[in-house]
Amino acid sequence: MIDSLFFALYLNSHLATKYSYLNKIFEYKEKGIIDGVVIDVKEAGFIFYKTCNRVAIESNIVRPFYGDLKEYVKKLKEKNIKPIARFVCFVEFDLAKSKPEWFLKDKKTNKPWKDERSAFWLNPYNKEVQHYLIDLLKELKESGFEEIHLDYIRFPSEGDLNSILIEKNSKLEKKEIISEFLKEVKDSLGGITITACVFGFVCYWGEVKREGQNLKLMAKYLDKFAFMLYPSHFGKNFFHVERDTKDFFGREFLIYAIGPQRVKGEINTKISVYVQSFDLRSPNFGKDYIKTQIKGAYLTGVKEFYFWNPQGNYEETAQAIKEFKEELKYSNSKKIKFSRKELNISLP
């Protein structure tokens, strides 16, 4: 039962190349706490490996922290740690200077549109943009990655969205062009697991129209969804349940339990989750907060868990995973108290 589970920590490019920090990650692996890591290879602004892509090189957005990426991946595998590449798709910073024609435009200025972070957004309708991203993804496959997490695979959601001009070369809707891009990725990178990091809201609503993420359309060309169900990102009244005893599972449990359950009947694509391992709008944050999210997803059949802390502070996460695994050894069921009722949920 425990052997079928998979746990991985997200590492930013700085931590992933800091060997004093990696020794801690190796220790987590040796203790049986984790199985893999998700590392940044392309963020919103820079590429962190030695790419051969001419546009990236000429745009001065390459920061080759990993050096020889193939060798880096090989070393992680030698430690029996599965390396997963995190690849940010459509949000950028400096690339807009050299390739302004690739970006969503501001209606007033006809220059690349900026969001609230002063970030620019690539136009998913642009074929050159698609080919650029796919060429980079091919390099990751050649470096030995067996799985890629596509993040920001969407249109923007923050800022003055009404001022955006989207230059289209087809009549496809946002959700259709995102799924078409996924099809191109899948066709170009056969033999590697393609996972999309998707807003947790998609579990509940089926799609987010503004961002162009549609559950069923995306599922056609994905091997896996990684739903970001962070409780901090849902409204405070979303599954608002008061925690009245130490054994009570509140909204963090419900969000992770009910979301994947709603999806299971809609698609055949594998379902995994990102767990909130950072303290944001979470007054009860700690190892129990993290463990409760794991339990919620696990009790609905999820077996792959990715943990997100931007600073790489995973002591409480490691403890939560350790305790969760220990509990599984000795328990076949859990009693979940919800709305003054007792629910017996059998473990898969």
Side-chain angles (χ1 to χ4, degrees), residues 1-8 10 34-36 38 147 149 193 195-208 213-216 218-219 222-235 238-241 243 247-277 282 284 287-308 317 320-348:
M1 183 164 58
I2 295 177
D3 292 340
S4 66
L5 303 181
F6 180 86
F7 299 89
Y10 159 76
I34 66 166
D35 307 286
V38 180
E147 181 172 349
H149 283 199
T193 299
T195 301
C197 303
V198 176
F199 277 137
F201 302 116
V202 176
C203 283
Y204 291 92
W205 303 334
E207 72 173 308
V208 281
Q213 292 184 336
N214 179 282
L215 180 71
K216 291 184 178 179
M218 295 177 76
L222 288 172
D223 299 296
K224 189 194 307 180
F225 279 103
F227 290 108
M228 300 177 291
L229 285 157
Y230 310 140
S232 61
H233 287 45
F234 286 80
F238 194 92
F239 288 142
H240 179 66
V241 184
R243 182 184 293 274
D247 298 320
F248 190 83
F249 294 85
R251 67 191 291 274
E252 61 267 26
F253 169 85
L254 294 171
I255 288 171
Y256 275 83
I258 296 176
Q261 186 65 35
R262 291 172 67 97
V263 170
K264 286 170 67 176
E266 299 290 324
I267 59 173
N268 294 320
T269 311
K270 185 179 289 187
I271 300 169
S272 62
V273 296
Y274 268 89
V275 173
Q276 182 178 338
S277 293
S282 49
N284 298 313
K287 66 177 178 64
D288 291 335
Y289 183 92
I290 297 169
K291 186 167 59 173
T292 297
Q293 295 171 76
I294 300 172
K295 286 182 177 180
Y298 175 75
L299 288 169
T300 60
V302 173
K303 295 185 177 181
E304 297 184 19
F305 304 83
Y306 308 100
F307 299 83
W308 184 279
T317 298
I321 296 172
K322 181 181 178 181
E323 290 183 9
F324 173 70
K325 288 184 175 182
E326 289 174 350
E327 289 176 15
L328 284 186
K329 292 179 182 179
Y330 305 108
S331 178
N332 292 319
S333 67
K334 288 291 178 184
K335 287 187 176 181
I336 310 303
K337 184 179 179 183
F338 173 51
S339 297
R340 299 184 177 86
K341 295 181 179 179
E342 295 283 332
L343 301 177
N344 288 318
I345 302 179
S346 296
L347 294 176

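Values below: all heavy atoms of this structure, side chains included; hydrogens, waters and symmetry mates excluded.
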Next on the checklist: Tell me every residue that passes side chain to side chain contact (heavy atoms under 4.5 Å, CB included) with Glu147, counting only those two or more places apart in sequence or in another chain.
Outcome noted: Lys82, Ile84, His149, Thr193, Thr195, Lys224, Tyr306
Checklist entry - Are side-chain heavy atoms of Trp205 and Leu215 found at a separation under 4.5 Å? => result no
Item to check | Gln213 side-chain N/O to Val198 backbone N/O, donor-acceptor pair under 3.5 Å | outcome: no
Next on the checklist: Please verify the inter-ring angle class for Tyr274 with Trp308; under 30° counts as parallel, over 60° as perpendicular, anything in between as tilted.
Outcome noted: perpendicular
Checklist entry - In terms of the angle between their ring planes, are Phe201 and Phe199 parallel, tilted or perpendicular, with boundaries placed at 30° and 60°? => result tilted
Checklist entry - Is Val302 close to Phe227 at the side-chain level, that is, under 4.5 Å between some pair of heavy atoms? => result no
Checklist entry - Is the shortest heavy-atom distance from the side chain of Ile294 to the side chain of Phe307 under 4.5 Å? => result yes
Item to check | Nearest heavy atoms of Ile271 and Pro260, plus distance in Å | outcome: CD1-O, 4.1 Å
Item to check | Nearest heavy atoms of Pro231 and Tyr289, plus distance in Å | outcome: CB-OH, 3.3 Å
Checklist entry - If every non-hydrogen atom of Leu5 is compared with every non-hydrogen atom of Leu328, which pair is closest and at what distance? => result CD1-CD1, 3.7 Å
Item to check | Side chains of Arg262 and Cys203 in contact at under 4.5 Å (non-hydrogen atoms) | outcome: no
Checklist entry - Hey, what do you get for OG1 (Thr292) to NZ (Lys287), rounding to the nearest 0.5 Å? => result 9.5 Å
Checklist entry - Between the main-chain N or O of Gly200 and the side-chain N or O of Tyr230, is there a donor-acceptor pair closer than 3.5 Å? => result no
Next on the checklist: Looking at Lys264 and Thr300, would you say the former's side chain and the latter's main chain have a donor-acceptor pair under 3.5 Å?
Outcome noted: yes
Next on the checklist: With a 4.5 Å cut-off on side-chain heavy atoms, are Phe7 and Phe324 touching?
Outcome noted: yes
Checklist outcome for this item: Rounded to the nearest 0.5 Å, the CD atom of Gln276 sits from the CZ atom of Phe234 at a distance of 10.5 Å
Checklist entry - Ignoring hydrogens and geometry, is there a side-chain-to-backbone donor-acceptor pair from Ser272 to Phe225 under 3.5 Å? => result yes
Next on the checklist: Run Tyr256 and Leu299 through side chain to side chain contact (heavy atoms under 4.5 Å, CB included) and show every step you take.
Outcome noted: CA-CA 9 Å; Tyr256 275 83; Leu299 288 169; over 6 Å; no
Checklist entry - Measuring from Asp288:CG to Lys295:NZ, what's the distance to the nearest 0.5 Å? => result 8.0 Å
Checklist entry - Do Leu229 and Gln293 pass the side chain to side chain contact (heavy atoms under 4.5 Å, CB included) test, and can you show the C-alpha distance, the side-chain angles, and the key distance before you say yes or no? => result CA-CA 9 Å; Leu229 285 157; Gln293 295 171 76; over 6 Å; no
